[in-house]
Structure formats: structure tokens, C-alpha cells
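Presented below is the structure to which this report refers.
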Amino acid sequence: MDIPDMSILNIDGSAHVQGAVPDDMQKLKAYASSLPYAIEPYHKMIELLDFIILRIIQCVEAKDYEVGLYQWDSMLTYWCMLKYPIPKDRRVQLAKLYFLVSTIPGMPTNVVATCADAFYNLTRSEKKITIEDMRLPWKPIYEILQSDLFLKRRQFEYTQLSWCMGYIASLARRFFSPSAIEEMLQTFVPQLDGTQLNCILAPQYYLLTFLPLTHPQSYLPMLFRMWESVNSYMYDDRMLHFLSKLAEMHVDPSISDPHKIAELPDDERVEGEGRPNWSQAEPRNSIKWEGLYKDVGIFSEHEWQFFMCKCLASMEIPLADAGSLTTGPNADNQASFEIGRLPKPDWRIISLARIIVYSMAPDGKPVPPSNAPTPLFSPLPSGMNTPQIQNSSLNEFLAAPLGKKDPGRTYLAGSKALDSLARLIASTESFFHPSNSGTWTNDLTAFIKYIFYHPGWHEEQQPDCKTPMHRRLTKTMKRELVKSLRTVTLLAMFSQDSATVGNIQSCLKSMSVMEPDLILHPILERAVPSLEALVETQRTIAVIKALGAVAPAIVSRNVYYPGGKHLVYDGVRRRALPVLLKALEPGTDDDRMKGALWTLNSPSLGKYAISALSCFLEPNSLIYSVPTLRVDKAIVQLRVTLGIRDDPEERGLVVRLRDKRMERSQLIENAAQANISSILDVGESEWTHWRYEIVATRALRTLVRRDAPTSPRHLQYFLERVYDDHPTIRYYAQRAVTKIARNIKLRTFCTTPMDLVLMRVRNPLKMKMTIEPSHQVTAKVLKRYVIDTRRYWASAHWSTRIRTLWKSGCRTC
């Protein structure tokens, strides 16, 4: 690809570019033409980028992560801020390098977080880099996450490593090969244990974080069956978040094409990773793939009904028959705090709205358009209603209960998802009223807010939309949706809860843009009496906020062409906005003036919580001893991409960086030992207050190292505090002793630095034996426990005779 020279660009745009210009270059040209000064040529910026990448490679080769990699990563960030496009080959190799560095076992958490952010910046655009350009292994992340998630209490040190690994897995999952799905299922599913909630939530997190989203055909039914047997809000939140991603992604049917699995190269396998070949019914090559579409979106009828039950239970409405649906929070009390260290899913209300919006399609027989603000119900199947005698014969009327005539069920606007939404809103309409408000009101109003907030309503208007034409939203569906939600929105508009009012304002704004003629007139009908007459202050404030929400439909003719007349004259409503402005003039009634001033003032005060972090970290130099074969391979590929030759001067620079890093590590080592000595002096002093002695004990426990033995003085301090009078000092001393004992065991039985980092104990006395079932061996073992029946019957016979004689003797006496 020929890259044009950006130095020839000027303000009037009269640049001559040879060949086709990519989208990124068009954006850069637009940036250059809008600036009042000249910018650097593109080829010079690419030379600067290559120099920055070279320095990053050298820092990784020298294992200078915490200083050198930090510095040059910041330089790369500043370079990207200039909006120059990164060539795809460099982007791919850089992203792979950052991923491999972040998944090195034992890497400090701050370096992992830096590499994760850089990886996100390089891969966040799905148009610039895809799975066809790069594949990544999934097992290194899983091994680190599994070893750090559930630690024993004597092993636990609070870090953000589990969160970082989960964050990286969520970013890299679209680069995991779909051919690894069977291997993932074989690894994660056997870990499920229904007797412990932790053993359910952890495998579920692995499944929903690592499984590729592009081909869910083989595991989606299994996930639904598992979901039906678990009652947990934490389980529901993560499952809804996962399904919302699937529903949004698979509006494009080409994504889930099974033929793409064979076309993708499976070139990223780590040691011990296999590819089990499970038998699956693959479509024939002659059949065109039409997507995952089922009864309702990508869900079957049974799955959709179960989802709508979860949707109703998520609102936490106090219904008489919903007691069993709201026990999830009580069940979640059994989960341990380690699950909270993982990344949190999106709010379930957002996920519910996203699933419903992306499942709407003209997939059913439509009913006649409704004239009611909120449809009470959609017509049920004819087998459940009384047949129309005037349109049928007597024979058909008598045979209708037998189900012999079934013209099919009809749905609101011909959409099953929209029909389910209308039924849900109609059944919960009374809970939107301000007199029946509660904790559920915020969830209900946020739900209808995010129904309109999602970009699915506007994506189909774009020329690059990949949704098939027969699956796109129709004008009738949009109007019926606004009609279904209009009544509850107008009810909740007068709520006294600020969060509820904010949700309603956003909903009104979206509805006024989508269907302004259906929402603007009801708002003005309620606004005029509230502003002309002396009513309660709360109602005046609510009306003023509602008018501000629908303002685009009033002032913009692009949104609603007839809306401009409400600014000047509209019969009965002609004084709506003038009265609104007049309420701010001097001499107005105090209540009305107070409401207007309160609305315009609208103070927003932010409260920020400052969390105090620990100032002490366990020294760890194991990272410099862990082999990094995959990182070395990525460096070689990146050098080939950049065309960097083996220069002795550059190699000398790497050697100097390595020497500087070793000197810095030695300085850190000396500083740690000096800190330990200083803290020991404080803890052992007789003049130290017990509060500071607690701090000293905690700090000294944190400074116990895994990669080096503890000094005798350090150990003696803890042994003396094990019997201290203060319970807190005694507690931390006991934990420190167990930590030291564990580290001694690790250094004894771990043969490599990798094992020591991942705490994989390889005890030479522990042996694994494979026992094959054998009838002869079983019979030989059981033969030792054969009971002598003759002795048994003899003893039984004598005991019976003795019992008989004893009874006869008692009668004689």
C-alpha cells in the first residue's frame, strides 16, 4: 500500500494523492486541513514510530519493565495522540508483544495494567485489527487467573492481578480461535460443583469470559440449561451481560458462519493445549449460512420465556407470586470475597434492554395497530379465545376447542420481542405511578430509558449496516413501542425521586426524536394547566423538566417540522412557553418562582472516596528468571516486520540496559533490607506504642519474600509475637509464620522459577498411579474380608440358647 506524503497537504485540500486513500488517511487529511499550521510528514512520523518500537523491543529484551518499558510506552501513547494512523503490520506485532508481556507469570501488577491498557488502545477498533490478522492463546491467562483467584488464607495477598487478568481476557477473547471452544469446555465444565456457590460462579466466569462469541452454536443451549438450575443474582448479572453481547453481535448472520472456523489458521497453541474433535452437524457447503436466528432473535421460544421471567424478577417488584424469584441476593451471601476481585458485569437493567432491542424483528403475524396509549394485552391464540361465530360455520365453532383450526398467534407490530415488552410494561404499569413508588421505580424507569438509549434504533440507518433487510426494525414497530411506553413515562414524570426523573427525561428526549407527534402533544397538554394555574411546586418543576427534555422536537424542524408553531401560537397551548419564562420575572408567586429557580439551579455535587492503599509490597525478583520463549518469538517477528538488522551498537545498548536493570534491582534489594532493619528497630523498641507495633508487624509480614529466605532476626521477631498479649499483633505474627513456612516449602519443592511464581509444588515423594479396574484384583482384595459363616451361625446358636435359658430361669424364680 502506498502511503501518501502528508507534507503536500494544505488548507484548501488541493493535494494530489496517488492511489486509493484509506479511511485513516482521509481522517488525517481532514485533521491537517482543519489546523492553522503545518504538520509533520507521515513518513517522518513512521520513522519516529519505528524508533519508539525499537526502544520498546530493547527494554523487553533487557527485561527493563518498570522503568524503560514505562517510559517508551508513554512515548508511544503521546505519538498516538497526534492522530497518525499506525500501519497494520506494526499494530498487530505490537499488540501481540504487549499481550505476551502482560501474561508472563510473576509480572508486577502495575506492569500488567500498563500493558493491558496499551493492548486495549491497539485493539479496540474492530475495523483496524481482526482475528484474521492476529490469533492469541487463551491458556496463559487462565493459568495465572486460576492460580491467583482462590488462594488459601495463609497464601493470600490482596492484589489486582485477578482483575487485570480478567480484563485482558475480555479484551483478547475476540482473538481466541473458535477451534479452541471444545478445549475450553473440556477445561471449564468439569469444575462445576453444585454444592458450593464459589464452584459455580468461578467456572461460569471462565466460560463467559474465554469462550469466543462468534460461534456459540455448540454451547449456548448448555449455558441456558445451567442457568435454569441456579438461583443467584451474581450468576444472572454475568449471564445477562454475556447474552446482551451475543444478541448485539449476531444481528449480522455472517459472523457465526461455521465455514470460517476452517478458514482461520490455528497457529497459537501453547504447551498442553489440544483440539478435541467433537462430532457436530455442520451445514453442507452448498447451503448458504443464514445466521443463528430462531424463534425470537437468536433465542428459542423456551429460552425467551425464561429470559422474560428473569426480566420481571430483576425489577424486584413485590408481587404476590414472585417470592421465589427474589431470593437470589440471599443465596449470594454464600459467595466468598474472591469472586468480587473479578471484573464486574454491566448493570443488569442495561443488559436486559440491550437483549430486547436487538431481538426485535418482524418475525410474527402482526395485529392491527393499537389506538390505546398502553396496550393492555395482545390477542391470544384462537384456541384460547371464543371463536368468531359470524366468520365461521357451526362445525368450525364446535371443533375450535379441539384445536383443529389455528390460524396462528399474532404479535404487536409483528414482533415477538416487542409483544413481550408490551405485556411486561402493561403488567407493571401501576408501579410507575408516584403514589406506588419504591426501590423498584428506579429500575423500571431506567429499563425504559435504556430501551430507547441503545444505538440499535439508529444503526440500521447507516449505509454499512449488516443486518438483513427482512430483520430490520419497521416504522410500525417504532410507533407501537412509543405507544406502549408513553403512558408509564407520563405517569413517572411527576415522581419526587431525582434519579427517576432523570431517567424519564432521557426517555422523553429519545421518544420525542423517534416519534415526536406521539409524545409532544401529551406533554404540552399537561404543561399548560401546571404553568397557568397555581398548583403544587413539585408538579411545576416536573413539567419544566419535561419541556426541557422534548425541546428538540419544539425548536428543531429537522426533528419535527410542525413543532415550531408551539413557540408562537398553538390555540389553547399558546401560553405554555411564555408562562414558563414569565415564572422567572419579579413579582411572580413565591412557589412558582421557587420551582423555577430550583430547576435552573440544579446543583450537582460529587462525592469522591479516597481509598488508602498499602505502602508496602512484597519484593519479588523472580520475574527476571522466568523464561519468556513466546515473547522472544514475538520480538523476532516484530524485528522482521520493521526490517531491523542485527546491529552491534543496538545490541550493546540492550546489554547496557540489562546491566542498569541489574544495578537497579540490587539497589531495590538493599533498600528492602534497610527497610526491614529499620522497621525491626521500631517494632522491637520498648518505647513504641502498640498501635505502631501493629503497623510494624503488618509491614514486616508483607516484606516476607517468596524468592529469598527470611533473616533470623526477622523470623525471631514473629516467633516472639506469636504469644503477644495483643490479639491483633498475635494474629499477624501467626500469619507471618505460616507464610514463612509456606515459602520454605515452595523453595524446597519448586524446581523452576516458573513453578515458584505459580506456586506449583512438585513433591518428589508424591506419585500418581493409574489404576485400571480388574475383576481379579478386586476379588483378591475382597477375599481378605470374607466372614466365616460357620463361626457366625455357631455364635448365633449359643446366644439364642443362653437367652432362652435366662428367660426360663426368670419364670422359675
Side-chain angles (χ1 to χ4, degrees), residues 181 185 188-189 192 194 200-201 203-205 207-209 211-253 255-256 258 280-281 289-315 322 324-325 328 345-346 348-365 378 380-381 408-409 411-412 414-425 427 447 450-451 454 456 467 471:
I181 291 179
L185 293 176
F188 303 146
V189 174
L192 286 166
I200 296 176
L201 297 178
Q204 184 222 15
Y205 178 78
L207 287 168
L208 304 187
T209 305
L211 286 173
L213 298 175
T214 54
H215 296 80
Q217 299 95 308
S218 59
Y219 61 80
L220 186 57
M222 178 202 67
L223 293 179
F224 262 99
R225 293 306 299 267
M226 291 166 49
W227 192 15
E228 293 175 4
S229 60
V230 178
N231 180 28
S232 169
Y233 260 34
M234 298 173 68
Y235 195 101
D236 295 346
D237 288 344
R238 205 168 294 280
M239 191 67 187
L240 291 172
H241 178 60
F242 176 77
L243 293 178
S244 66
K245 291 183 178 179
L246 285 181
E248 181 178 0
M249 175 180 290
H250 289 281
V251 292
D252 179 12
I255 291 179
S256 58
Q280 295 181 1
W289 181 253
E290 297 181 354
L292 297 179
Y293 301 130
K294 297 181 183 178
D295 299 332
V296 186
I298 63 173
F299 309 107
S300 63
E301 187 69 29
H302 175 73
E303 293 170 350
W304 183 256
Q305 295 298 332
F306 178 74
F307 163 75
M308 292 306 298
C309 290
K310 289 292 183 180
C311 184
L312 180 60
S314 299
M315 305 304 174
S324 60
L325 299 179
D346 289 346
R348 60 170 49 205
I349 299 298
I350 302 176
S351 302
L352 291 170
R354 188 183 302 170
I355 293 173
I356 292 178
V357 169
Y358 284 105
S359 298
M360 289 183 184
D363 50 7
K365 184 179 179 181
S378 296
L380 300 175
R409 182 174 177 176
Y411 302 93
L412 185 64
S415 175
K416 298 178 181 179
L418 179 59
D419 186 84
S420 301
L421 175 63
R423 290 170 178 266
L424 175 66
I425 296 300
S427 62
F447 176 67
Y450 286 108
I451 286 289
H454 281 296
T467 306
R471 302 286 304 180

Mind jotting down which residue pairs meet the salt bridge (charged side-chain N to carboxylate O under 4.0 Å, His left out) criterion with at least one end in residues 212-224? Sequence neighbours excluded, please.
none
Taking every non-hydrogen atom, the tightest pair across Leu424 and Ser427
O-OG, 2.8 Å
On a heavy-atom basis, the closest approach of His241 and Pro345 is CB-CB, 3.8 Å
By side chain to side chain contact (heavy atoms under 4.5 Å, CB included) - contacts of Tyr293 (at least two apart)
Pro253, Pro468, Arg471
Can you see which heavy atom on Ser232 is nearest to which on Leu201, and at what distance?
OG-CD2, 4.1 Å
Side-chain touch Ser244/Asp346, heavy atoms, less than 4.5 angstrom:
no
Please evaluate residues Arg225 and Glu228 with respect to the criterion salt bridge (Lys or Arg N to Asp or Glu O under 4.0 Å), reporting the C-alpha separation (whole Å), side-chain torsions for both, the decisive distance (0.1 Å), and the verdict.
CA-CA 5 Å; Arg225 293 306 299 267; Glu228 293 175 4; 3.5 Å; yes
With the side chain counted from C-beta on, respond yes when Met308 and Leu421 share a heavy-atom pair under 4.5 Å apart, and no when they do not.
no
Any residue meeting side chain to side chain contact (heavy atoms under 4.5 Å, CB included) with Ile298, in chain and number order, not counting sequence neighbours:
Leu246, His250, Leu292
Within the structure provided, determine whether Leu211 and Tyr219 are in side-chain contact (heavy-atom separation under 4.5 Å).
yes
Partner residues of Asp236 under the salt bridge (charged side-chain N to carboxylate O under 4.0 Å, His left out) criterion, sequence neighbours left out
Lys310
Is the closest side-chain heavy-atom distance between Phe224 and Leu220 below 4.5 Å?
yes
Taking only residues two or more places apart in sequence, or in another chain, which ones meet Asp237 in a side-chain hydrogen bond (donor to acceptor under 3.5 Å, both in side chains)?
Arg348
Quick check against the 3.5 Å criterion: does Ser415 have a side-chain atom that pairs as donor or acceptor with the backbone of Tyr411?
no
Compare all side-chain heavy atoms of Ile181 with those of Pro212 and state whether any distance is below 4.5 angstrom.
yes
So CZ of Phe306 and NE2 of His302: to nearest 0.5 Å the spacing works out to 7.5 Å
Value for CG (Leu352) from CZ (Phe447), rounded to nearest 0.5 Å, stands at 6.0 Å
State, with a plain yes or no, whether a side-chain heavy atom of Leu207 is found less than 4.5 Å away from one of Val189.
yes
Nearest-0.5 Å distance that lies between atom CD1 in Ile356 and atom SG in Cys311
4.5 Å
Would you check, one step at a time, whether the test side chain to side chain contact (heavy atoms under 4.5 Å, CB included) holds for Lys416 with Trp304?
CA-CA 10 Å; Lys416 298 178 181 179; Trp304 183 256; 5.7 Å; no
Using every non-hydrogen atom in the two residues, find where Pro203 and Leu192 come nearest and quote the distance to one decimal.
CB-CD2, 3.7 Å
Heavy-atom side-chain proximity of Met226 to Met222 below 4.5 angstrom
yes
Kindly write out the residues that satisfy side-chain hydrogen bond (donor to acceptor under 3.5 Å, both in side chains) with Glu301, not counting sequence neighbours, or none if the list is empty.
Gln305
List the atom of Leu223, the atom of Leu208, and the distance in Å for their closest heavy-atom pair.
CD1-CD2, 3.8 Å
For a 4.5 angstrom cut-off between non-hydrogen side-chain atoms, does Trp227 reach Leu243?
yes
Compare every heavy atom of Ala417 with every heavy atom of Ser359, then report the nearest pair and how far apart it is.
O-CB, 3.7 Å
